[in-house]
There are 2 protein chains.
Amino acid sequence: MASRTAASNTSTSLDADAWIDAAFDALAEGGIDAVRIDPLAKRLGVTRGSFYWHFTDRAALHQAMLKEWRKRASYQVGSRIDSRTSAPDERLRQNLALPKSTARAKRAAAIELAIRLWAQRDAQAARAVKHIDAVRLKYYAKLYGEMGLSPVLARKRAFLFYAALLARAYISTDDETDVGDDLASMLSLD
Amino acid sequence: MASRTAASNTSTSLDADAWIDAAFDALAEGGIDAVRIDPLAKRLGVTRGSFYWHFTDRAALHQAMLKEWRKRASYQVGSRIDSRTSAPDERLRQNLALPKSTARAKRAAAIELAIRLWAQRDAQAARAVKHIDAVRLKYYAKLYGEMGLSPVLARKRAFLFYAALLARAYISTDDETDVGDDLASMLSLD
DNA sequence: GCCTCGCCATACACAGGTGTATGGTAGCGC
DNA sequence: GCGCTACCATACACCTGTGTATGGCGAGGC
């Protein structure tokens, strides 16, 4: 009766991943408190009955979201850019050059922001954020290490690099004053 | 009858600022959606009747919060550190040396995070964030300019400096791997 | 000593969300 | 073609929050 709004599933039945995808949309728009079952059901064109088949609880969905985010965020590190062909400085530079104004990028940034806020009151979310931050920092430090920097200096540079990456997404600057492309020179990438 | 939990007002009547203060507490803990009238009233030891005397609406409270945040954030820039005695590089260094683990600092960071997430769906919040970011970037660029950097380079350094400042608050790292104090050397502050 | 006014409590109608219990249905195995 | 199973709809009880209307109450003007 109701038309499915999901992209992949047109008429077949929903699976848990469809709920998780929709949950991330809601998370990006309104934070973890906006991840509510009834609105998600309306968005998916089904009723709550479907949800309680796939999940026991609202908390279960939250857990599944964290698990999924850990997977995605870990997977992205080092695989967005082909990790075999490029030199380390080239890989870092390409990370900085990733689009930041596309719908995809904005959604990802909003999701991260929401999870970081969520992590302030939820221990599980805090653990996930801590883990992902450590993974990313370690990866960037590894790249700087491959460029010849000492481990200590590589860690510092990695932190600054990660800071620039996050700030580029979170600081709302006019696009005219965007200094993104010039960051490379200050991050020892030339 | 009910005991007032606010710090300043022990038994006299509440004013709008008391509501706004409590609202910022709720904002820091759960985002803008957690700024609800009923829970705030319970926290303040009064009922909704008081709220609807001082504010017409929930939206009015949100507006007042944004106005207050604009005021505080603008005021903090350049006045946390005595703006007359110190040299520009000293002022920047002291900004980096500001505590980040105190309850006050964590609350402020959480509030900013929540407002940035809020700004993704609310135009007024987005304007406030954009304004504050511009003010801060301009201030840091001015300091770098006073250190002798060219306007263009000063703006770049200011962005990186601001990025480091935000990241120090948002990236959840173990305190052992904290590189905060070493940032200065990478930001042309020595 | 009344009256007004600032401030708050109480009560009501309404909306929206949660979880549960139960029923319906389409498809597949055999 | 029977039945089982996966998946979803429906209905119910409950809770929490909003906004509004109205009543109460203490303090100061005069």
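These numbers were taken from a predicted model, which means no experiment stands behind them.
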Tell me: [atom1] of [X] to [atom2] of [N], nearest whole Å?
| X | N | atom1 | atom2 | answer |
| --- | --- | --- | --- | --- |
| Phe51(B) | dG17(D) | CZ | P | 14 Å |
| Arg43(B) | dG17(D) | CZ | C1' | 15 Å |
| Phe55(A) | dT18(C) | CZ | P | 13 Å |
| Arg58(A) | dT20(C) | CZ | C1' | 17 Å |
| Asp38(A) | dA11(D) | CG | P | 14 Å |
| Trp53(A) | dA6(D) | CH2 | C1' | 5 Å |
| Tyr52(A) | dC12(D) | OH | P | 18 Å |
| Trp19(A) | dC7(D) | CH2 | P | 13 Å |

Note to self: By nearest heavy atom, map Gly49(A) and Arg36(A) onto DNA chain C; which one lands nearer the 5' end?
What the structure shows: Arg36(A)
Check: Mapping Thr47(A) and Val35(B) onto DNA chain D by nearest heavy atom, which one lands closer to the 5' end?
Finding: Thr47(A)
Checklist line | Closest to side chain of Ile37(A), choosing from dG19(C), dG17(D), dA9(C) | finding: dG19(C)
Check: Pro39(A) side chain: which of dT18(D), dG17(C), dG17(D) is closest?
Finding: dG17(C)
Item checked: Salt bridge present between Arg116(B) and Asp133(B) (N-O < 4.0 angstrom) -> yes
Check: Out of Val35(B), Asp15(B), Leu61(B), which residue meets the side-chain contact (heavy atoms from CB on, under 4.5 Å) rule with Ile20(B)?
Finding: Leu61(B)
Notebook entry, point to check: So, does Arg155(B) use its side chain to make a donor-acceptor pair with the main chain of Ala141(B) at under 3.5 Å?
Noted result: no
Next item on the list: Taking all non-hydrogen atoms of both residues into account, name the closest pair between Leu117(B) and Ala28(A) and its distance.
Entry: CD1-O, 4.2 Å
Next item on the list: Considering just the side-chain nitrogens and oxygens of Lys42(A), establish if one lies under 4.0 Å of OP1 or OP2 belonging to dG17(C).
Entry: yes
Checklist line | Side-chain N,O (His54(B)) to OP1/OP2 (dC8(C)) below 4.0 Å | finding: yes
Next item on the list: Look at all strands and tell whether Arg48(A) reaches a base, only sugar-phosphate, or nothing, counting heavy atoms closer than 4.0 Å.
Entry: base
Notebook entry, point to check: How are the rings of Tyr140(B) and Tyr162(B) set to each other: parallel, tilted or perpendicular (split at 30° and 60°)?
Noted result: tilted
